[in-house]
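Convention: sequence-line order gives letters A, B, ...; per-chain numbering from 1. No hydrogens, no waters, no symmetry mates; every other heavy atom, side chains included, goes into these values.
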There are 4 protein chains.
Amino acid sequence: MSIKVVLVGQGLVATHFAVGVERIKRGEVEPYGVPLAKYKLPYRIEDIEIVGSFDVDEAKVGKTLYDVAKEAVGDILPVPDTLKNIVVKRGIHLDSLRGLPFRAKGLEDELGSVKAAVEAFADELKKLSPDVVFIAINTEPDKPFNDVAALEKAIESGEGVNASHAYAYATYLYAKDTGRKVTLVNVIPSFIARDDAIVKLFESVDSIVLGDDGATGATPLTADLLEHLAERNRYVLSIAQFNIGGNTDFLSLTIPERNKMKEATKSSIVKDILGYDAPHYIKPTGFLEPLGDKKFVAMHIWWKTFNGLEDELVVNMRINDSPALAGLMVDLARLGKVLQDAGVKGTAYPVNAFFMKDPGPRGAKNMARIRAYYQLLDYLRKLGLEID
Amino acid sequence: MSIKVVLVGQGLVATHFAVGVERIKRGEVEPYGVPLAKYKLPYRIEDIEIVGSFDVDEAKVGKTLYDVAKEAVGDILPVPDTLKNIVVKRGIHLDSLRGLPFRAKGLEDELGSVKAAVEAFADELKKLSPDVVFIAINTEPDKPFNDVAALEKAIESGEGVNASHAYAYATYLYAKDTGRKVTLVNVIPSFIARDDAIVKLFESVDSIVLGDDGATGATPLTADLLEHLAERNRYVLSIAQFNIGGNTDFLSLTIPERNKMKEATKSSIVKDILGYDAPHYIKPTGFLEPLGDKKFVAMHIWWKTFNGLEDELVVNMRINDSPALAGLMVDLARLGKVLQDAGVKGTAYPVNAFFMKDPGPRGAKNMARIRAYYQLLDYLRKLGLEID
Amino acid sequence: MSIKVVLVGQGLVATHFAVGVERIKRGEVEPYGVPLAKYKLPYRIEDIEIVGSFDVDEAKVGKTLYDVAKEAVGDILPVPDTLKNIVVKRGIHLDSLRGLPFRAKGLEDELGSVKAAVEAFADELKKLSPDVVFIAINTEPDKPFNDVAALEKAIESGEGVNASHAYAYATYLYAKDTGRKVTLVNVIPSFIARDDAIVKLFESVDSIVLGDDGATGATPLTADLLEHLAERNRYVLSIAQFNIGGNTDFLSLTIPERNKMKEATKSSIVKDILGYDAPHYIKPTGFLEPLGDKKFVAMHIWWKTFNGLEDELVVNMRINDSPALAGLMVDLARLGKVLQDAGVKGTAYPVNAFFMKDPGPRGAKNMARIRAYYQLLDYLRKLGLEID
Amino acid sequence: MSIKVVLVGQGLVATHFAVGVERIKRGEVEPYGVPLAKYKLPYRIEDIEIVGSFDVDEAKVGKTLYDVAKEAVGDILPVPDTLKNIVVKRGIHLDSLRGLPFRAKGLEDELGSVKAAVEAFADELKKLSPDVVFIAINTEPDKPFNDVAALEKAIESGEGVNASHAYAYATYLYAKDTGRKVTLVNVIPSFIARDDAIVKLFESVDSIVLGDDGATGATPLTADLLEHLAERNRYVLSIAQFNIGGNTDFLSLTIPERNKMKEATKSSIVKDILGYDAPHYIKPTGFLEPLGDKKFVAMHIWWKTFNGLEDELVVNMRINDSPALAGLMVDLARLGKVLQDAGVKGTAYPVNAFFMKDPGPRGAKNMARIRAYYQLLDYLRKLGLEID
């Protein structure tokens, strides 16, 4: 009873996922960083089977996952041989790497149109029969369609559609044409689970979309810190949060329109949790190559406490960015299948609320992670899982 | 419909409470730091009426609360005139200030025996008719009796009983003799709400005891941080937490047997929340007078994340120690009366779990504060309160 | 034997200077933050006499220094009455406040040309007869002329000259026309002491220019930290330094061309001190109003130590931005006069090296502040001062 | 022209020294953490030859340095084969490991008296002919003799002498009996270079003693930070510094009398550098095994700046404790020989002032490290070295 997984965007996140899952299968490493590892879910981590991988970086397309992983994390991790069986295939580009130092080519460049590229990718999925598809490409500018007709027109014409939406639509086509259920999991800031059009399409084919933007790093911690303060009625005077790292994600955020995508997702927590929009500066701040994937985070929060006096909190972190998200993906793969089995369609807010920075559907609120966690457990119990 | 409150131990905490409550009544300051201020409870903060205050420090006994407050916080806060109406009376000492630089004298020194002191204090309560009595004296060495007979024998003989237990027993006598309900709230590390003997006695007179050790400062935050990590199955390698301050509480912790009382209460959170006893060093670390009541906290936590990699978190804080606890006391006074009205007897774990570092009754577990908060709201709803 | 001082740019820095000097004169406050206060210089702090103040903000021009100070710092400091004697006069604007939320008008707007404004300002100086003139206006885009003819042509035509250079040239004119010596001190990032043209002009009239960009805040500390590492031959892997504050300086740095001025001055320390250009991100990062003048700084530095292992350092600060610079200005005023008395002309690198982020003359290097401090003391001893 | 080195106390520090020197010889690693590596000294790092090693831990005596190093650092560093040539011999114990979890036996246990042990150790040195002997044993309680007769009486009787002093005296005997010059370098807190008796004895045999307590970790950085503040006349309100680690050094500091040795050495910097004894808490704080040799340091310093306002600084570090000291030892070995060649006798304050926490001779002051560094360079230049 395996879960067949396709990875779209074979960057550091997807690579940590692939390496970590295989290492857990071999018993080489404990499933740390996998939230629900301590509970008995209907699917074990060992049931995850990576069946396909897509990218548009010419340095990756055509290579095995083993070679890609060796290059990316070979200096810090052993790379399992089993990854030699998967070859990275060409995906859809649509300028999603524009401005970044990669030589990229997408299916649309080969086939001449977006529509042809979408169909070609859907065809690939039909061959691979995945249960779960992850979108883990680089952060790209995006906006929601919300209207199915508008989305379909954009796909048809090739105008105004970016890679995330093209992948999402192709995944829908795969489900529609084969009658198989699929769960699309979007772990980047694009509007996928928050796009009414996407949710509607997936619902129509008994499938599920989870997203958006995997909740790792400083943001979920900030959410819980703010909840901690809110529960004591401490009045937050301001919040400053800096992030700096040296991976491709930070590099791409030196491009303003990409940075903006992140800023929005990071700021929404303030008002949602505190109940007022405390002045804040919460942004990916810069790129500093030697930090690599282990980013540095600094946060300053101060507030008024009883009798009007002021307290102050500073948090500093060094966090492995990609493994944190990869660990969440392990559970998202398992829950993706669990939800299908339970007959869920469209999207699943209780899952998104814990795992995502910007939980879909459109208009859904952020909440403190600790709260979201217990609501998730309750939700899973209601779906019939034994969680204790 | 006022709540009559007696303060035992007129130190910084009780003084911030008195000043803050009066300032809130006058509309001088917002009720920041009062957790439930945003909800409509049956009693308003304005309903709190301080009717008595007790201490054993010769520099305080006989003075008005106004004079005590002027001396303690007059440099940083305006002190309301209304505090001129309350005079600090002599309480029970029993060496609770031994080793500290105060000239202290207790009722037992005047009356010749512990038993007489306990009765004299009970008589004072009978005159004041409080609804809620707070124990906010200095941290003192203590152990639970758990057996009513043993406790009563100690009171009778004056052997092996300290100030916290003497006050607790006297408060019970007051309830028993008058038939009035009372809520005793213990915000120091003594074993009061965790002492079966005390809980049993209060239950027998339809009264309530809440405690122990008000959950302020670094410990509740640590609890929530650990919960945050546990929910992501991150494996905590070690926890170091330092605290240094310049108030009497820190001074008294330079005395090893007092420090031990704090250390126990601070460490219990690790295993209760993580599920394993991660190596930790969590202690009040030292006394540094210029820091005053605004302590400095430094915390280091690191863990294994997905793929066995290591992340690291450092937290630094400057926290006003006493106001934080005083803010909790505002709600504890209100809930103390709410519970009486609702017919609760003995103790109330859901209240303790959020407000206390070592929640009674005996053997009760610590939990993440964010969790405890929502369980508290549910509990209050079940008692019939409108919380939304 | 007073030192007559003119302040150009009556912002927070000049205001703290004025308030602090007057309070020190009255014995209200110790001269903390004044580096050489512990040494006996030929001039005492009490000898400083503020004789004039200039600004272009309509909300300040025409008001007394007392009123300006009340508005700016009246909530945190007592403002001495003696400041009622100085009225803020109109200075030169030249768009130096463009893009900022101030209504500004300069002499050039009144008089119709830059040349007329420069002459009018020089005339004002002639009336005030200052020994020392401070440029403390907002950070503005600037570049050095290095060539006297080019500078004079720009003043003549009014093209390509900004406020800092106009003020500097006018101050030169004042010295030239009156035969009085003057010391111009530039505490902002403009190229004044690093502009060969300016240095040459001042030299020609037996006068002095000190600058550029007063060395306060995180940068001098970073310099000393880097020196500390360099002296142990630790190999710095990267440096990240974030700054966020809520004063006008930070507001103006949200405008990219102004930010650039600061970034350059902050980065030059890395190579000058380490000997190699360790990868770094050192920038004023953002504006967050509630922080006010007390900025938050976060810094991360890591390095290779013996046996190739890695160490890590994080620094966090809350620093009062303007008073730090004002404290330096107290000594710069005194040294400005001391240098004149000693016959120094042009600029004085040993003074700049300690007090300035970008020490003139052009091409001069940065050095660790602790080193610069002892070299400054030696320099002063050579000028005949008794420093011990 | 090699420098023959004997290591006394084959713990982590001496092991990092041995491994690092051999790796540098092989070109495997850069000499990071060796302060003077960038200058051309008369002796290269490659000239260091380890000729002997002594310890009293039964788990080490009789093993090769290779085996000891494999056990201690084999998980994080490659261990060079060349260390197979040195066998750890039995040294003098004198309870220097009492209370620690090691099975220890000293020469005095085998030979029946302290005197015999001292002579036996001197005999070993005579066979090995070292130029430099390092004392790098565990921190032990100690006091200075200052009087040669008193020291010799203690050695004779075996009463009141500990391991550090016994080793120092034996090293003196070696120099006296052979006529060879030797430099004894004490990198632990014992009073060796600060003991008049020891300095006098070494002077009498044309030899040198350097010490005490190698200046690594948080203390030298604190020294430079305090100097930074002092140079700006900022008034330090208090200093809190916490240290926690998991190596044997921290374990031994859980024993109060050992902790005291460290506390003294760490506190002396405050008054020496600031000129007043700012309230401070500077202590090794605790033992936390998982931290291993990479300790966690937290520091809080705040001060009054200009206009009486308050600034605040927090420093956090993760520092490899032993390699930092080992790196200094590389230069101390080279300087030990350089000083001999230059005819220096007794001790050399300019070397101690930079390299040691408690620089000898007795009564010598601490100074900021950055200052000490440039004074050291000047001193070396005066000895005829080319430093540029």
Side-chain angles (χ1 to χ4, degrees), chain A residues 16-17 19-20 23 28-38 73 76-77 216 220-221 224-225 227-228 230-235 275 293-294 297 302-320 322-328 330 354 368-371 373-374, chain B residues 16-17 19-20 23 28-38 73 76-77 216 220-221 224-225 227-228 230-235 275 293-294 297 302-320 322-328 330 354 368-371 373-374:
Chain A
H16 267 289
F17 174 81
V19 171
R23 293 180 72 207
E28 270 181 39
V29 73
E30 295 290 320
Y32 298 136
V34 178
L36 305 178
K38 60 189 147 189
V73 299
I76 54 167
L77 291 178
T216 60
L221 182 65
D224 282 343
L225 289 171
E227 172 79 17
H228 182 90
E231 291 181 1
R232 281 150 191 82
N233 201 36
R234 293 170 181 166
Y235 184 72
D293 193 46
K294 198 169 182 179
V297 178
W302 60 322
W303 60 83
K304 279 198 186 295
T305 182
F306 193 65
N307 250 329
L309 296 173
E310 290 172 6
D311 294 339
E312 207 156 5
L313 167 72
V314 172
V315 173
N316 292 289
M317 296 196 279
R318 281 301 299 279
I319 299 276
N320 288 281
S322 305
L325 185 43
L328 299 190
V330 171
F354 179 71
R369 299 297 134 172
I370 297 183
R371 242 185 121 178
Y373 180 79
Y374 287 100
Chain B
H16 267 288
F17 174 81
V19 170
R23 292 180 73 208
E28 270 179 39
V29 75
E30 294 291 320
Y32 298 136
V34 179
L36 305 178
K38 60 188 147 190
V73 298
I76 55 167
L77 291 178
T216 61
L221 182 65
D224 282 342
L225 289 172
E227 171 79 16
H228 182 90
E231 291 180 2
R232 281 151 189 82
N233 201 34
R234 292 171 181 165
Y235 183 74
D293 192 46
K294 198 169 180 178
V297 178
W302 60 322
W303 60 83
K304 278 198 186 295
T305 182
F306 191 65
N307 250 329
L309 296 173
E310 291 172 6
D311 294 339
E312 206 157 6
L313 168 72
V314 172
V315 173
N316 292 287
M317 296 197 278
R318 281 301 298 279
I319 299 278
N320 289 281
S322 305
L325 185 43
L328 299 190
V330 172
F354 179 71
R369 298 298 134 173
I370 297 183
R371 241 186 121 178
Y373 180 78
Y374 288 99

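By the 4.5 Å heavy-atom criterion applied to side chains, B:Asp224 and A:Asp224 are not counted as neighbours. Using a 4.5 Å heavy-atom threshold, the side chains of A:Val330 and B:Phe306 count as touching.
The most heavy-atom pairs under 4.5 Å with chain A, out of B:Val315, B:Leu221, B:Leu328, come from B:Leu221. With chain B as partner, the option from A:Lys38, A:His16, A:Arg232 having the largest number of non-hydrogen pairs under 4.5 angstrom is A:Arg232. For the set A:His228, A:Met317, A:Arg318, A:Arg369, the count of heavy-atom pairs under 4.5 angstrom toward chain B peaks at A:His228. Counting heavy-atom pairs under 4.5 Å between each of A:Leu309, A:Leu313, A:Asn320 and chain B puts A:Asn320 at the top. Ranking A:Gly308, A:Gly327, A:Ala37 against chain B, the residue ahead of the rest is A:Gly327, based on heavy-atom pairs under 4.5 Å.
Of the two parts of B:Val73, neither the backbone nor the side chain holds a non-hydrogen atom closer than 4.5 Å to a non-hydrogen atom of chain A. Proximity to chain A (any heavy atom under 4.5 Å) is shown, for B:Val34, by both the backbone and the side chain. For chain A, the nearby part of B:Tyr374 is the side chain; its heavy atoms alone come within less than 4.5 Å. Proximity to chain A is limited to the side chain of B:Trp303, based on heavy atoms less than 4.5 angstrom apart. With a threshold of 4.5 angstrom between heavy atoms, B:Leu77 approaches chain A through side-chain atoms but not through N, CA, C or O. When heavy atoms are compared at a cutoff of 4.5 Å, B:Leu325 does not approach chain A at all. With a 4.5 Å cut-off on non-hydrogen atoms, B:Glu30 does not touch chain A at all.
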Show your reasoning for whether side-chain contact (heavy atoms from CB on, under 4.5 Å) applies to B:Tyr32 and A:Arg234. CA-CA 5 Å; B:Tyr32 298 136; A:Arg234 293 170 181 166; 6.0 Å; no
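Judged purely by atom type and a 3.5 angstrom limit, B:Lys294 uses its side chain to pair as donor or acceptor with the backbone of A:Glu310. Checked by atom type and distance alone, the side chain of A:Arg23 pairs as donor or acceptor with a backbone atom of B:Asn307 at under 3.5 Å. A donor-acceptor contact shorter than 3.5 Å links the side chain of B:Asn233 to the backbone of A:Pro31.
Going from atom CD of A:Glu227 over to atom OH of B:Tyr373 covers 7.0 Å, rounded to the nearest 0.5 Å. Taken from CG in B:Asn316 to CG in A:Asn316, the straight-line distance is 7.0 Å, to the nearest 0.5 Å. We find the CD1-CD distance between B:Ile370 and A:Glu231 to be 5.5 Å, quoted to the nearest 0.5 Å.
Residue B:Thr305 comes nearest to A:Pro323 through the heavy atom pair CG2-CB, 4.4 Å, listed as atom of the first residue, atom of the second, then distance.
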